[in-house]
Amino acid sequence: MNTKDLIIAHKLRRMILLTCGIALLVASNAFLALEFISYRQNLVEKSEVLADFIATNSSAALSFDDNKIASQLLESLHSETSVETATLYLPDGTVFAHYHRTEPVALAIDKGSQAWLAHLLQEKATTTEHRIEFEHVDTFKPIFLKGDHLGYMHIQFDLSPLYERIREYLLIISILWLLIMGGVYLLANRLHQRISRPIRDLVEGMQQVSDNQDFRLRLKAGDNDEIGTIINNFNYMLGQLDERESKLASYQEELQQKVDERTRDLREAKEAAESAREIAEAASRAKSEFLATMSHEIRTPMNGVMGMTELLLDSGLDIHTRRLADIAHRSAESLMGVINDILDFSKIEADKLQLSNEDFDLRNMLEDTLELMAGQAHRKGLELVPNLPPDLPARVSGDAVRLRQILINLLGNAIKFTERGEVRLWVRATRQEGGKQQVSFEVSDTGPGIDPKQQEKIFDAFSQADGSTTRRHGGTGLGLAIAKRLVTLMGGNLELESTPGEGANFRFSINLANAEAKKPLPVQTDILHGTRVLIVDDHPVNREILRNQVIAWGMREGCVTSGKEALERLHRAALANDPYQVVLLDWHVPGMDGLELALHIQQDEAIPTPCMVTLSSADVDMDSITMRDSGIACYLQKPVRQQQLLECLCGVMEKKSVLQPPGMVRPPKMTGKVLLAEDNKVNQEVATSMLIALGCKVDLAEDGKEAVQAFAKTSYDLILMDCHMPEMDGFDATSEIRQLEQEQGHEPIPIIALTADVQKGVKERCLAAGMNGYQSKPFKQQQLATLLQQWLPGSSSIQSVNSPPTEENVRSGKNSLLNPETLRQLRDLGHTAGRNVLKKVVDHFLHQAPEGMKKLYQALENQDAGQLQFLAHAMKSASANLGAMELSDRCRKLEDAAGNNKLSEAAALIDAVEAALAPATDALRLELKEETKALV
Ligand code: ADP
């Protein structure tokens, strides 16, 4: 085992044994060496004495040559056990007498001694010499007597007794060494007991303390040596630790108490916050409910105001009174707009607004929106400049309605606040990532801009930048707040950049999922390939957009900015024998207007007359005769849809006209007996007047109970049932009527709910109570008429006479959202009948359509093919009557599918109808607004 790993006791024992062993070894070796040296020293001294003695006593024998005496003398050395040999030599080196202890043989000495001796004899040495070897000591001495050299003497001493003695010593030393080491071992053990036991105790104590963390432990006090001191210090340290531990424990206890207190405080604060939250939520719920109630409460009198003013407007007023009544009516409508805005905002604030996700054609949606806003912009003389690059994704998935709402708000504001210049909508496909397309929208204008200070709060609810402009333009200050929140809900951020005096720029980017691409463009562009087209437009962006579009269709283009330039260019082209076949001319080019330029071109004999297409704003009113006379083949309203332009160009190249003559419409006529259950006097008046005006007979019930009684007594064709009435509400009354019918075996009578409650679930409640339909208040006469058409047996519907808006004749001009000719027909009819028919029909449609949509979904849910077919048919004819042909077309497809009982296809077809409905209703709303303005 490694020494390092030994315990201290063993280390100590080893060290003691090692030290003692080495000490003994050194001592015994020193003793032996000393013994050896002193023995040899003694021997040399003795050899000298003996040599002197032999030399003195042998001188006579040498003088007298008596070797007998000399031999005897040498023999006397026998008593000296250490003498091995002794020899007397004559001066010439010959042996005179010799003694050998064991055998008297001549010179039995080793070779080294012999050589040494021979050398001395030869040298005739005169002094005594010694030679010390391992086994023996040689002494050589010359013998003189009174100066005469008598000879030499050599004695050799044996050292073996010395070695014998050393061997004995070694034995004794070994025995002694063993005894001493044994003693030392025992002593070391005792030492270990005294030194290492306390250390071990100390170690064990430390171990115990470290294992159990028990600082109350104390070790037994030891001697007053270092270990004792360590133990004392350790005990002291334990004491300190113990003390600190108890202090810590008390701190900990204190801390724990504090933590408990804080936790309690926190819990209490949390509970307080929780209850505050609950109170806030309750307040928010109360706010929502209040808003709902308020909207209900406001809608009820509004019903009166709107209905009455509508009746007033239809009652053959003189111009002045009619103007006043119309202002009142429009004010009521704008108030409804404000209420809707507030409801929208409160819905977003209460997190109740859910975005839908449907596939839609982005370009179509944008073009619809632009078309919707174009009239407003053009009326103010503003250029509405769209930039919708060709790489925009074809079909995307998202909430088209809300996206349109945002854009309408931004474009509406831009148009509203800009007095001259232009309003731009720039849309760009920016980034494609994992099936999603990031699309950036930018609405900019050349209006007054917004002050940096105002910019900070422009997105806050109810905030309007400039009081004076706002007073001039109206508005709730909610538009941008709603738009901002909608953009946020879509994962984007609505930002504003504006320098006062230089206009405003609102922009945002959102991710729209790529949806399956729609069928390719139905129009073949082959006919346009290589055709030369001259673009006449002074607006660089418009020019660039048109240029890119015609290039994409394979046309050869040229661009000019004025009528004069256009004529020059056309001349040059004619001279070069490569004339332009098509001229795309903007109505407002500098120098001369589109009509003038067209006439010039047509009358100029040096120019082969090209097909001319004018691009005009909504304010240009051109009849077909003027167009024909000026040689204009087609006119398109700006902003021009890509598809529309393409079809127009293809059309003119095939020399086709796009205008169709208008048709006529006649108003509805109702018959039937209606029971009106309504407690509100104003509403009673409104509804009764409307019903009578429509040709119905009306009985009135003040509450549900009266309604049930009237139903039991009289036979009616239809019941209009207010939901909230005293005594018995509309739901209970309906249930009772249905029960009576069952008991008496009568056919169920159509019961339509009339309610100002627009909260979610009311409609379902009405249907659950056994009602057939639902009409929100306020409603218009036309809505009522539509209801009656739908539910009164034998009522005639709005029909086209003379030239009904068949699919073909509407299709011919239909690439716009609404067929202008159909609208014109309705307008004309209004003039002849002295009533605003267009307004009524549009109103009717706008109010009926969402309901119709819900019914469609309901019918699908109930798997009721008959009902589905009926509803689709109703919506088809209603939309066709308004020239919304895309919508009508989709309704027809749905009607066909339902008629063939293909309910599996119906869901997708209903979605398609809904997708077409939003742009159509927006366009109709705008139409309605313009109609109202035109009347003022
Ligand atoms: P409002 O319904 O009052 O128009 P908005 O939230 O849409 O409410 O707009 C808030 C205010 O922001 C407006 O009253 C107007 O002062 C300012 N504003 C919005 N858009 C523009 C714009 N394009 N140019 C100048 N001011 C604008």
Side-chain angles (χ1 to χ4, degrees), residues 1-34 170 172-276:
M1 193 193 272
N2 197 328
T3 326
K4 276 195 270 178
D5 301 331
L6 289 174
I7 58 168
I8 284 186
H10 289 170
K11 276 187 194 160
L12 211 62
R13 191 156 49 211
R14 261 194 195 190
M15 268 163 60
I16 292 170
L17 286 175
L18 204 67
T19 316
C20 288
I22 290 169
L24 280 174
L25 219 60
V26 169
S28 49
N29 279 345
F31 169 74
L32 287 176
L34 206 65
L170 275 176
I172 292 164
I173 285 169
S174 300
I175 291 165
L176 273 175
W177 194 84
L178 280 175
L179 286 173
I180 289 169
M181 288 308 277
V184 167
Y185 182 79
L186 291 175
L187 209 69
N189 269 355
R190 275 198 66 83
L191 212 62
H192 149 68
Q193 299 281 339
R194 287 208 63 117
I195 296 171
S196 72
R197 167 126 329 125
I199 292 176
R200 211 175 55 220
D201 290 350
L202 183 64
V203 170
E204 278 171 7
M206 283 176 169
Q207 192 66 41
Q208 216 173 322
V209 170
S210 93
D211 286 351
N212 307 335
Q213 297 290 308
D214 180 7
F215 302 121
R216 284 166 307 172
L217 186 92
R218 295 291 177 274
L219 299 185
K220 218 164 81 200
D223 300 341
N224 288 332
D225 54 12
E226 290 88 336
I227 295 171
T229 311
I230 291 174
I231 289 174
N232 289 342
N233 285 343
F234 181 65
N235 282 340
Y236 175 74
M237 189 182 77
L238 282 179
Q240 296 270 312
L241 281 173
D242 193 20
E243 200 178 314
R244 209 162 291 176
E245 178 86 344
S246 26
K247 268 188 194 165
L248 261 176
S250 79
Y251 282 148
Q252 203 168 347
E253 208 171 311
E254 238 173 79
L255 262 176
Q256 187 58 44
Q257 264 177 12
K258 277 192 183 153
V259 167
D260 287 348
E261 271 171 35
R262 295 265 157 89
T263 315
R264 203 176 45 246
D265 290 352
L266 264 174
R267 200 174 43 239
E268 282 168 10
K270 203 175 144 216
E271 280 166 8
E274 192 75 16
S275 78

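All of these numbers come straight from a predicted model, not from anything done at the bench.
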Residues passing the side chain to side chain contact (heavy atoms under 4.5 Å, CB included) test with Glu274, sequence neighbours excluded, are Arg277, Glu278

Once you round to the nearest 0.5 Å, how far does CD1 of Ile227 lie from CG of Leu202?
8.5 Å

Value rounded to 0.5 Å, distance of OH in Tyr185 from CG in Leu178
14.5 Å

What pairs of residues pass the ring pair (Phe, Tyr, Trp, His ring centres under 6.0 Å) test when at least one of them lies in residues 199-225, not counting sequence neighbours?
none

Sequence neighbours excluded - side-chain hydrogen bond (donor to acceptor under 3.5 Å, both in side chains) pairs with any residue from residues 258-271:
Gln256-Asp260

Partners meeting side-chain hydrogen bond (donor to acceptor under 3.5 Å, both in side chains) with Asp242 (sequence neighbours left out):
none

Quick check on Met15: does its CE atom have over 12 non-hydrogen neighbours (other residues, nucleotides or ligands) under 6.0 Å away?
no

With sequence neighbours left out, write down each residue that passes side chain to side chain contact (heavy atoms under 4.5 Å, CB included) with Tyr236, or none if nothing qualifies.
Gln240

For Glu226, check salt bridge (charged side-chain N to carboxylate O under 4.0 Å, His left out) against everything at least two apart and list the hits.
none

Hey, could you give me the CD/OG distance between Glu253 and Ser246, rounded to the nearest 0.5 Å?
11.5 Å

Sequence neighbours excluded, the answer for ring pair (Phe, Tyr, Trp, His ring centres under 6.0 Å) partners of Phe31 is Tyr169

By side chain to side chain contact (heavy atoms under 4.5 Å, CB included), which residues pair with Met181, not counting sequence neighbours?
Leu17, Cys20, Leu24, Trp177

Can you find a pair of side-chain heavy atoms, one from Leu32 and one from Leu170, that are under 4.5 Å apart?
yes

side-chain hydrogen bond (donor to acceptor under 3.5 Å, both in side chains) partners of residues 206-219, not counting sequence neighbours, each pair once:
Gln207-Asp211, Asp214-Arg216

Quick one, Leu238 and Val209 - any side-chain contact, counting heavy atoms below 4.5 Å?
yes

In Å and rounded to the nearest 0.5 Å, what is the CG to CG distance from Asn232 to Leu219?
9.5 Å

Nearest heavy atoms of Ile173 and Ser28, plus distance in Å
CG2-CB, 3.2 Å

So CZ of Arg244 and CE of Met237: to nearest 0.5 Å the spacing works out to 10.5 Å

Measure the CG-CD1 distance between Asn189 and Ile16 for me, rounded to the nearest 0.5 Å.
9.0 Å

With sequence neighbours excluded, residues passing side chain to side chain contact (heavy atoms under 4.5 Å, CB included) with Ile175:
Leu171, Leu179

